[in-house]
There are 2 protein chains.
Amino acid sequence: MASPIHQRLREDVLASVFAPDEPLTEAKLTERYGASRTPVREALQRLEQDGLVERRGKAVVVRTHSAEEIIDIYESRIILEQAAAAKAAVKATALDRQLLTGLLAQMQQLDPSDGRALAETNRAFHAQLWRATHSPSLIGLLERLDQQVRRYTLTTLTYPGRWPVVLADYAELLAAIEGADPGRAGDIAARHMSEALAIRLKMYAEDPRTL
Amino acid sequence: MASPIHQRLREDVLASVFAPDEPLTEAKLTERYGASRTPVREALQRLEQDGLVERRGKAVVVRTHSAEEIIDIYESRIILEQAAAAKAAVKATALDRQLLTGLLAQMQQLDPSDGRALAETNRAFHAQLWRATHSPSLIGLLERLDQQVRRYTLTTLTYPGRWPVVLADYAELLAAIEGADPGRAGDIAARHMSEALAIRLKMYAEDPRTL
DNA sequence: CGGCATACTTATGTATACAATCGTGTACAG
DNA sequence: CTGTACACGATTGTATACATAAGTATGCCG
């Protein structure tokens, strides 16, 4: 499986290639990706199940989220990230810790204005933290939630003054994991995600279009 | 959408109609459900994404879980059920509480040996509790986890002495929700699910085939 | 002039034909 | 007798033709 057009369409949706109300007709995608309707339909179905697109009437459009929905997803994610951090503190192997340390070092050398690089490495750090739980179900749930808001997450990292705090949080989190302290690791993760939500809310209040 | 054969196939998989290593060939399903390959393939893909079937080499088979995997899923579910109960204590409407009360009353009048009825109403109770959170993301995550182990959950409820404890837990949980006490509601839910996991582990130790 | 019915256009839902691939069995060689 | 290579069969992946239904525009009637 893992049809190439499935991934290409996903990337395009996440990269906001399509307007929020632009109908993703099978004919259009067929031409765009040079495949027939069958694999296109398959890709659309998968993205629909992932919550990245939705059927509106007959047409399929990229799914947008209201402010309430994004808050809701964030709140669920706070819970899962807390649980993941706590579990990682118990289950992480030496390799996991090494990889996390390396990623943090990488992040510390980035240009804080390069939003794209920030988002990319930040995501890699989170993904590695999830893997460090060695819990397939947790990883699956977190990936699912992350995907649904990935189109929006770029913005919080470039919020004035945010990036240094992120780095400090991660350093503290790693220390808690090194110390095998699940309670502290969970608290840090929960606080970190709560702050991210708070920033998002503030940004929304300042300019509702940032959604 | 909501193809009827998708639901039928799902029900059959959950009802263990197919052997764990029986290949679900499209030809066979085509004949069984009287549809062509296209909708059958669609159904298979959806079930695959739901984690109910998996591709083994070329064939698709119903997914089985090792003891470790089931424990892992339970542990994630403990976290989510705790969060859901806590949130329900805050967000539940009068209607939600009424529905939960009604379901509990129903459960108290069931024959404790009728495993099928127990499982059914128990599931309805959980589902209503999830809805009482009014959190689409939480509901989605819990539904996802539940589906993956639904084939196994029947058994814990009929474990000797378990059912009365379940009813007592639910009554206590409802009281916490009525009292709008999220901490207590979460604790009860977490304890309840932990006990369910413990029972499953005990059953597995007594007879590994119960998986 | 406005609303509703109806025909038409366009997109999706379904079936089937064709292509490619994977697994398997068999035959041959070492 | 065993390991490997090759060929065949079965099953899935892809393309396309056909059926159906939803959305839309137009024209007629009120």
Side-chain angles (χ1 to χ4, degrees), chain A residues 1-66 140 143 147-148, chain B residues 1-66 140 147-148 151:
Chain A
M1 180 96 358
S3 171
I5 96 141
H6 169 220
Q7 297 186 0
R8 285 213 280 159
L9 180 56
R10 160 173 295 160
E11 285 163 16
D12 285 346
V13 168
L14 290 175
S16 297
V17 169
F18 307 103
D21 55 354
E22 176 185 2
L24 302 179
T25 67
E26 295 172 2
K28 188 195 304 181
L29 302 177
T30 285
E31 190 188 358
R32 180 181 178 89
Y33 300 109
S36 77
R37 281 181 58 208
T38 310
V40 165
R41 283 175 63 81
E42 172 194 320
L44 281 174
Q45 276 172 211
R46 294 181 80 135
L47 292 194
E48 185 187 359
Q49 274 217 297
D50 289 343
L52 271 76
V53 302
E54 67 184 342
R55 308 188 96 77
R56 208 148 66 196
K58 196 174 191 171
V60 173
V61 297
V62 310
R63 176 155 178 197
T64 60
H65 297 87
S66 67
E143 281 177 347
Q147 245 189 32
Q148 296 188 6
Chain B
M1 180 83 15
S3 170
I5 97 143
H6 169 218
Q7 297 185 0
R8 284 212 281 159
L9 179 56
R10 161 173 293 161
E11 284 164 15
D12 285 346
V13 167
L14 290 175
S16 296
V17 168
F18 307 103
D21 55 354
E22 176 185 2
L24 302 179
T25 68
E26 295 172 1
K28 188 195 303 179
L29 302 177
T30 285
E31 190 188 359
R32 180 181 178 91
Y33 300 109
S36 77
R37 281 182 59 207
T38 309
V40 165
R41 282 175 64 80
E42 173 194 319
L44 281 174
Q45 277 171 212
R46 294 180 80 134
L47 293 194
E48 185 188 358
Q49 274 217 300
D50 289 344
L52 272 78
V53 301
E54 68 184 342
R55 308 187 96 76
R56 207 146 66 194
K58 197 170 188 173
V60 173
V61 297
V62 310
R63 175 155 178 198
T64 59
H65 297 87
S66 67
Q147 248 190 34
Q148 296 188 8
R151 282 196 309 133

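Quick note on labels: first sequence line is chain A, next is B, and so on, each numbered from 1. In this text, all values refer to a predicted model and were calculated from it rather than measured experimentally.
Applying the 4.0 Å criterion to OP1 and OP2 of C/dA15, one finds that B/Ser36 has a side-chain N or O inside that range. OP1 or OP2 of C/dT16 has not a single side-chain nitrogen or oxygen of B/Arg37 nearer than 4.0 Å. Contact check, A/Arg55 against C/dG13: a side-chain N or O comes under 4.0 Å of OP1 or OP2.
Residues A/Ala19 and A/Val62 approach most closely at O-CG2, 3.9 Å, considering heavy atoms. Looking at every heavy atom in both residues, B/Val53 comes nearest to B/Leu44 through CG2-O, 3.8 Å. Counting all heavy atoms, side chain and backbone alike, B/Ala35 lies closest to B/Ile5 at CB-CG2, 4.3 Å.
Distance, A/Arg41 CZ to D/dG13 C1': 15 Å, rounded to whole Å. For the pair A/Glu31 CD and C/dA11 P, the interatomic distance rounds to 12 Å; values are reported in whole Å. Nucleotide C/dA11 holds its P atom 13 Å from the CG atom of A/Leu24, rounded to whole Å. Rounded to a whole Å, the CZ atom of B/Arg56 is 17 Å from the C1' atom of D/dT12. Rounded to a whole Å, the CG atom of B/Leu44 is 10 Å from the P atom of D/dG13. Per the geometry, CG belonging to B/Leu29 stands 16 Å off P belonging to C/dT14, to the nearest Å. Rounded to a whole Å, the CD atom of A/Glu42 is 14 Å from the C1' atom of D/dA15.
Side-chain atoms of B/Thr25 lie closest to D/dT12 of the nucleotides D/dT12, C/dT14, D/dT14. In the set C/dA15, D/dA21, C/dC22, the nucleotide with an atom closest to the side chain of B/Lys58 is C/dC22. Residue B/Pro39 has its side chain nearest to C/dA15 when only C/dA15, D/dA15, D/dG23 are considered. Looking at the side chain of A/Glu26, the nearest of the listed nucleotides C/dG13, D/dT14, D/dT12 is C/dG13.
Taking for each of A/Ala35 and B/Ala27 the nucleotide of DNA chain D with the nearest heavy atom, the 5'-most of the two is the partner of B/Ala27.
Side-chain contact between A/Arg56 and A/Asp21 is present, with at least one heavy-atom pair separated by less than 4.5 Å.
A donor-acceptor pair under 3.5 Å links the side-chain atoms of A/Arg8 to the main chain of A/Tyr33, judged by distance alone.
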